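Small disclaimer: the values here were computed from a predicted structure and weren't measured. Counting starts at 1 for both ligands and their atoms, following the listed order.
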Amino acid sequence: ENKTIDLLIHHIGLLVTMRGKAEPRTGRDMSEVGAIPMGAVAIRDGNIFAVGREGDVRAQIAGMTVKQEWDANGRLVTPGLIDPHTHLVHGGSREHELSLKLKGVPYLEILAQGGGILSTVRATRAATEQELFTKAKKSLDRMLLFGATTVEAKSGYGLSVEEELKQLRVVKKLDQCHPVDLVPTFMGAHAVPEEYRGRSAEYVELVIREMLPEVKRQGLAEFCDVFCEHGVFSVEESRSILTAAREWGFGLKLHADEIEPMGGAQLAGELGCISAEHLLAATDEGLSAMRRAGVVAVCLPATSFNLGLKTHARARTMIEMGVPVALSTDYNPGSSPTESLQLVMTLGCLNLGMTPEEVMTAMTINAAHAIGRADTIGSLEVGKQADLVIFDAPNLAYLPYHFGVNHVNAVIKKGRVVVSEGRLAE
Ligand SMILES: O=C(O)CC1=NCN=C1
Ligand SMILES: [Zn+2]
């Protein structure tokens with residue numbers, strides 16, 4: 001019967017709705033967070049029934065039965081955070097690379113020596129599906145505890161048909177049994193595996209002729225991503241892989257201009273990728289090509305921080321040029337071993353020069369656009385999924401300002417309390 005509200009969250013000190021335009025936000029729109037003092041959210045069947053000032057919400061649900069009331073005690077409420085770029089499923093860890101990094105050995109040098117991604121490939125191939133699942137679930141629990149309610153997860157540490165499918169099956173199983181929604185991305189073109197060293201053209205053929213069709217047939221990924229980088233996959237190789245991926249119906253993503261200005265941003269614009277990632281070395285013409293095609297720029301400040309780089313993605317330029325900006329952890333065992341989107345908030349402000357409002361836009365509605373889910377998540381509006389975070393904070397600026405700790409008090413996923421008092425609900 002339609003006279004019931006399942007959950008009413010009230011006494012919200014500051015309710016950040018992110019309501020606004022349907023398309024990816026950029027320019028001044030990134031500062032419009034739709035904040036409402038003394039707010040409330042009424043939830044039914046996992047979706048938002050009413051949202052706004054508490055008085056208005058209570059008037060809209062007058063006469064209806066409210067099954068559960070949740071007192072936010074004057075705290076800050078935002079949409080569930082979205083992490084649109086992670087390498088969640090992987091074996092092993094790479095803390096041994098820290099000493100190399102401290103000695104100044106560059107990331108691509110470690111990879112060229114057969115370390116980096118390739119050492120994670122060895123560990124991932126050696127792990128069973130169950131071991132990968134158990135390890136990834138621990139990280140996914142941590143992401144949820146830090147406020148993430150939807151997470152994109154890439155393959156790319158298998159680098160053979162069977163091993164790539166194994167990783168994607170783990171993503172699917174996590175999506176089925178964990179409160180956090182997972183969005184799978186096939187990234188067989190993450191690196192050229194040892195057994196194809198010096199034969200990258202043949203490996204590209206394996207990706208195109210064997211992996212893409214099989215991943216599609218088994219419905220194990222929505223997107224295809226490629227690491228377009230010096231010594232990994234060239235612009236031409238990236239173009240042929242993503243062109244084939246588009247023909248198979250995958251959405252397109254591209255790790256672009258992370259370290260060298262390869263022209264990855266231009267390629268992302270040319271192909272109409274849904275998003276392009278990293279972009280530290282992207283040129284103005286590359287960013288213009290992205291703007292013209294509406295490509296979302298996913299900036300990864302935890303990665304450039306962890307790589308000890310002096311330069312970071314030019315998020316301010318992107319926002320002023322009209323390129324929509326999203327943020328992500330880039331969680332992976334090499335270049336960004338952190339599950340904390342709250343750390344990314346601080347780095348987004350301090351290293352990318354974004355405001356707290358722009359950071360929240362980048363971590364909610366724009367991140368939703370980067371994974372093609374903006375019609376169901378990313379803002380607290382009537383009819384959208386009831387995914388939200390209750391933070392122990394008085395306002396938005398407090399989150400990036402008070403760094404290195406977890407401010408999450410509670411998380412609601414599809415109308416269900418999945419974290420309360422900072423702990424996973426059973
Ligand atoms: O290093 C890794 O494992 C992940 C990565 N891919 C591209 N950049 C970093
Ligand atoms: Zn990445």
Take E205 and R199 through the test salt bridge (Lys or Arg N to Asp or Glu O under 4.0 Å) and record every step on the way to the result. CA-CA 10 Å; E205 283 311 298; R199 296 187 294 129; over 6 Å; no

Apply salt bridge (Lys or Arg N to Asp or Glu O under 4.0 Å) to E164 and K166, showing your working. CA-CA 5 Å; E164 284 294 303; K166 177 174 91 175; over 6 Å; no

Determine, stepwise, if the pair D181 / K414 fulfils salt bridge (Lys or Arg N to Asp or Glu O under 4.0 Å). CA-CA 10 Å; D181 284 323; K414 288 183 187 154; 3.2 Å; yes

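- For ligand 1, the protein residues placed under 4.0 Å by at least one non-hydrogen atom are R94, Y107, I117, Y157, H190, F227, H255, E258, N332, S335.
- Figure legend: K101 and Y107 shown without cation-pi pairing, the cationic atom not lying both under 6.0 angstrom from the six-membered ring centre and within 45 degrees of its axis.
- Using the six-membered ring where Trp is involved, H278 and H85 have ring planes that are perpendicular, over 60° apart on the 30 and 60° scheme.
- In this structure, CG in D330 is found 8.5 Å from OG1 in T86, a value given to the nearest 0.5 Å.
- The aromatic rings of Y157 and H190 sit perpendicular to each other, their planes meeting at more than 60°, with 30° as the lower class boundary.
- The list of salt bridge (Lys or Arg N to Asp or Glu O under 4.0 Å) pairs with a residue in residues 233-250, not counting sequence neighbours, reads R239-E270.
- The list of salt bridge (Lys or Arg N to Asp or Glu O under 4.0 Å) pairs with a residue in residues 118-130, not counting sequence neighbours, reads R122-E194, R125-E195, E129-R169.
- Each protein N/O/S atom under 2.8 Å from the Zn ion (ligand 2) was counted, for a total of 4.
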